Structures are given as C-alpha cells and as structure tokens.
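Along the sequence shown, residues are numbered consecutively beginning with 1. Note that the coordinates shown come from a computational prediction; the quantities given were computed from them, not determined experimentally.
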Amino acid sequence: MSEENLTDQEQQRRLKLENLREAGIDPYPARAHRTHTTAQAIAAFEKAVEDTAPVEVAVVGRLVSIRIMGKSSFAHIEDSSGRIQLYLRRDLLGDDLYAMFRQNLDLGDFVEAAGTIFLTRTGEPSVRVERLRILSKALRPLPVVKEKDGQVFDAFSDKEQRYRQRYVDLAVNPEVRDIFWTRARIVSAVRRFLDGQGFIEVETPVLQPIYGGAAARPFTTFHNQLKQKLYLRISDELYLKRLIAGGFERVYEIGRDFRNEGVSFKHNPEFTQIEFYAAYADYHDVMALTEEMVAYAAQEALGTTTLVRDCLLYT
C-alpha cells in the first residue's frame with residue numbers, strides 16, 4: 001500500500017514502528033518465551049492462593065485493551081486460551097521500557113510479559129509486569145468491539161466483510177474461533193470412528209485426467225511436463241473404488257474437492273467432504289453406519305446428541 005493511501009492511524013503505527021527500531025528494539029523478534037498460557041497462569045494462581053510463594057509466569061498474546069494511568073497502567077492480552085490483565089508500573093519496568101509501552105504500543109500488537117500474579121482490588125488475577133517485550137507490531141488497527149454491561153455493540157458484524165476478511169473476524173469475534181474448534185473436533189471424531197470400524201484412511205489424486213464420480217463442472221488446468229490437460233477432482237469416488245477392487249475392504253478419505261459452479265454464503269466451489277466405501281455391504285449397512293457415526297461425532301465434539309440451532313431442535 002502506498003503512503004498516500006494510508007489512514008492517519010496506519011501512518012501513526014508506521015511511525016511508532018520506526019521509533020522502536022531507532023531505540024534498538026526489534027519489533028518482530030524471531031523467538032518468544034512463554035511459560036504459561038493465560039488460562040494456565042490463572043489456574044496456577046488459583047491453585048496457589050493459600051501458598052505464600054509467588055506465581056511467576058511469562059505470558060504472550062495480543063493487546064486487546066490499554067488503560068494509561070500516569071505512572072501505572074493496565075492492559076489485557078489475549079491468546080487462544082483466554083485473556084489476562086497486565087499491571088505495568090514505571091518503577092518496575094524502568095523509565096525507558098514504560099515510555100516504550102505508553103508511546104509506541106497499540107491495540108492489536110503482540111507482546112510478551114513476565115512477572116508475578118497478584119489479585120487486584122477488584123478481585124482480578126493480574127500479572128505484575130517486570131519484563132515486557134514486543135513480539136509483533138500491528139500496522140493496521142483492528143475493528144474495535146465495544147462492551148457495556150455485558151452487552152457487545154459496534155462489533156465487526158458485516159457478513160460480507162467477515163467472509164472476505166476471515167482473519168479479522170477470528171481476531172475480534174471469539175465465538176467464531178469456537179466454530180473452528182468444534183469443526184476440528186468433529187473431523188477428529190469422524191476419523192476415530194471410522195478407524196475403529198476397520199477403515200483405512202487414504203489419499204487419492206487431486207489432479208485427475210478424467211474427472212468423475214458426480215455430475216459437476218470441473219476446474220481445468222494443464223500439466224506442463226506431461227503436456228496434458230488435468231482436472232481438479234469433483235469427488236473421491238473413482239479412486240476409492242479402485243482401492244476396493246485392489247483388495248482393501250474398507251477405505252475412506254477426508255479431503256478437498258472442487259466444483260466450478262455457483263458461489264453463495266451456503267456454497268463454496270472448494271469444499272471438504274468425506275467418502276467411505278466398504279466391501280460386502282449394502283445401503284442398509286451404510287445407513288446404519290452413517291447414523292452411528294453422526295451420533296458418535298456429535299457426542300464427542302459437543303457432549304450431546306441433541307443440537308439446538310436457530311431455535312430449531314434436532315435430535
């Protein structure tokens with residue numbers, strides 16, 4: 001992006017980046033040191049409440065709030081496990097480091113903070129920061145999600161932007177990250193279920209000379225070395241059936257397939273699907289296996305086989 005197209009905030013962040021470098025601070029160090037996630041740090045403190053020994057931690061994360069209060073300040077950092085408050089004092093950090101925090105760090109920056117955990121007057125476990133280091137300077141501001149009385153407003157809620165900038169959606173809407181975790185647990189559960197049923201997971205070609213197994217328009221490409229037109233697969237069926245013919249009795253694949261067709265918020269030309277095949281089985285066996293697999297995956301991923309979505313109940 002050219003300098004003339006930068007917003008005032010983006011220009012200010014680039015100026016702060018140069019200030020850090022001029023001060024001899026690497027704004028993008030290659031290594032980070034972490035002893036606890038934010039959740040582990042809080043759990044360690046709660047476990048040691050009756051112990052007189054201080055709980056020392058080194059935590060890392062993205063700055064999601066900053067409150068400057070003269071010679072002391074508060075901030076929150078967030079990692080994949082949650083968030084924790086930082087308490088920063090000039091007499092602990094030193095004049096230079098405290099000034100660096102106040103003048104050159106912004107929301108969205110990633111930092112490393114080390115110190116001991118204590119309980120604030122409001123009862124919040126916080127890190128009394130003795131060492132602070134920047135891990136990554138953010139050059140673009142994130143959308144600000146405001147909260148008041150437990151209610152979120154002014155959030156990053158535009159569906160078009162959220163789908164086009166999924167990384168921003170993930171950064172500012174924690175509930176979206178929960179969807180990713182749930183999906184990962186579902187895929188893992190499906191894999192465990194089929195492995196337990198005697199299936200073998202395989203990988204079949206994505207580039208195919210003859211696409212088939214479904215009725216769809218393919219993406220077409222060209223192999224320069226072979227001088228041959230190839231197609232991105234529209235399904236996994238034909239190669240999986242070859243494995244059955246070759247002697248494997250139960251096979252499955254979880255992989256990407258591609259269909260060069262319409263696009264909507266419910267349909268993506270690139271998608272993940274599972275296909276499995278079993279010898280000596282008919283559609284009754286497949287129906288029973290599928291029902292058992294879906295129930296198993298729901299129980300493993302969500303702890304229940306009753307799912308509620310959009311006020312509709314599915315059991």
Side-chain angles (χ1 to χ4, degrees), residues 80 159-171 173-221 223 230-244 248-278 281 283 285-310 312 314:
S80 62
K159 288 187 177 180
E160 180 76 14
Q161 285 186 299
R162 289 177 64 183
Y163 279 108
R164 289 184 179 276
Q165 296 177 290
R166 205 61 186 272
Y167 59 96
V168 180
D169 192 20
L170 289 167
N173 293 319
E175 67 277 5
V176 178
R177 294 199 292 269
D178 294 337
I179 296 173
F180 279 64
W181 281 110
T182 301
R183 180 191 183 279
R185 289 194 295 267
I186 291 172
V187 173
S188 296
V190 168
R191 182 173 279 117
R192 287 195 302 273
F193 176 83
L194 291 175
D195 290 345
Q197 295 291 324
F199 284 81
I200 179 174
E201 183 177 8
V202 298
E203 291 183 338
T204 60
V206 174
L207 292 173
Q208 301 178 351
I210 301 176
Y211 64 93
R217 179 183 300 168
F219 286 92
T220 305
T221 186
H223 196 302
L230 294 174
Y231 306 93
L232 292 180
R233 66 184 179 192
I234 61 174
S235 75
D236 314 332
E237 180 176 339
L238 298 184
Y239 284 89
L240 290 176
K241 287 181 174 178
R242 292 181 187 183
L243 291 169
I244 295 291
F248 288 101
E249 294 188 359
R250 293 191 163 201
V251 297
Y252 76 94
E253 181 171 10
I254 301 174
R256 305 295 280 179
D257 291 288
F258 310 85
R259 300 183 181 183
N260 196 1
E261 297 172 341
V263 178
S264 74
F265 72 97
K266 290 185 177 180
H267 176 76
N268 189 358
E270 177 184 351
F271 58 96
T272 301
Q273 74 172 352
I274 179 173
E275 289 196 38
F276 61 88
Y277 292 88
Y283 71 95
D285 300 306
V286 173
M287 289 168 62
L289 185 69
T290 301
E291 183 176 345
E292 187 179 350
M293 178 176 67
V294 171
Y296 175 87
Q299 187 66 44
E300 289 290 300
L302 301 172
T304 179
T305 56
T306 299
L307 311 181
V308 178
R309 179 176 174 83
D310 296 334
L312 296 178
Y314 300 89

Residue pair Asn173, Arg162: steps toward the side-chain contact (heavy atoms from CB on, under 4.5 Å) verdict:
CA-CA 10 Å; Asn173 293 319; Arg162 289 177 64 183; 3.8 Å; yes
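- Both tests do not hold together for Arg177 against Phe180: distance to the six-membered ring centre under 6.0 Å, angle to the ring axis within 45°.
- One finds the CG atom of Asn260 at 7.5 Å from the OG1 atom of Thr220 (value rounded to the nearest 0.5 Å).
- A donor-acceptor pair is defined here as one N or O able to donate and one able to accept, closer than 3.5 Å; such a pair exists between the side chain of Arg259 and the backbone of Ile234.
- The 12-atom threshold is exceeded at CZ of Arg192, counting heavy atoms of other residues, nucleotides or ligands nearer than 6.0 Å.
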What verdict does the side chain to side chain donor-acceptor pair (under 3.5 Å) test give for Thr182 and Arg185, after you've listed the backbone C-alpha separation in whole Å, the side-chain angles of each residue and the deciding distance to 0.1 Å?
CA-CA 5 Å; Thr182 301; Arg185 289 194 295 267; 3.3 Å; yes
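- In this structure, Tyr283 places its OH atom where only 12 or fewer heavy-atom neighbours from other residues, nucleotides or ligands lie under 6.0 Å away.
- Sparse packing is recorded around CD of Glu203, with 12 or fewer heavy atoms of other residues, nucleotides or ligands lying under 6.0 Å away.
- Checked by atom type and distance alone, the side chain of Asn268 pairs as donor or acceptor with a backbone atom of Glu270 at under 3.5 Å.
- A donor-acceptor pair is defined here as one N or O able to donate and one able to accept, closer than 3.5 Å; no such pair exists between the side chain of Glu300 and the backbone of Ala189.
- Contact of the Phe258 side chain with the Val206 side chain is registered, since non-hydrogen atoms from C-beta on lie closer than 4.5 Å.
- The neighbour count for Phe248 CZ, taken as heavy atoms of other residues, nucleotides or ligands under 6.0 Å away, does not exceed 12.
- Ring geometry for Tyr252 against Phe199 counts as perpendicular: the plane angle is over 60°, on a 0 to 90° scale with 30° as the lower cut.
- Considering CD1 of Ile254 and CD of Gln273, their distance stands at 11.0 Å, rounded to 0.5 Å.
- With hydrogens and angles ignored, the 3.5 Å screen pairs no side-chain donor or acceptor of His223 with any backbone N or O of Leu230.
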What verdict does the side-chain contact (heavy atoms from CB on, under 4.5 Å) test give for Tyr239 and Arg233, after you've listed the backbone C-alpha separation in whole Å, the side-chain angles of each residue and the deciding distance to 0.1 Å? CA-CA 10 Å; Tyr239 284 89; Arg233 66 184 179 192; over 6 Å; no
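- Smallest separation of non-hydrogen atoms from Ala214 and Ser235: N-OG, 4.1 Å.
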- Item | Intermediate values then yes/no, side-chain contact (heavy atoms from CB on, under 4.5 Å), Leu194 and Met293 | CA-CA 8 Å; Leu194 291 175; Met293 178 176 67; 4.0 Å; yes
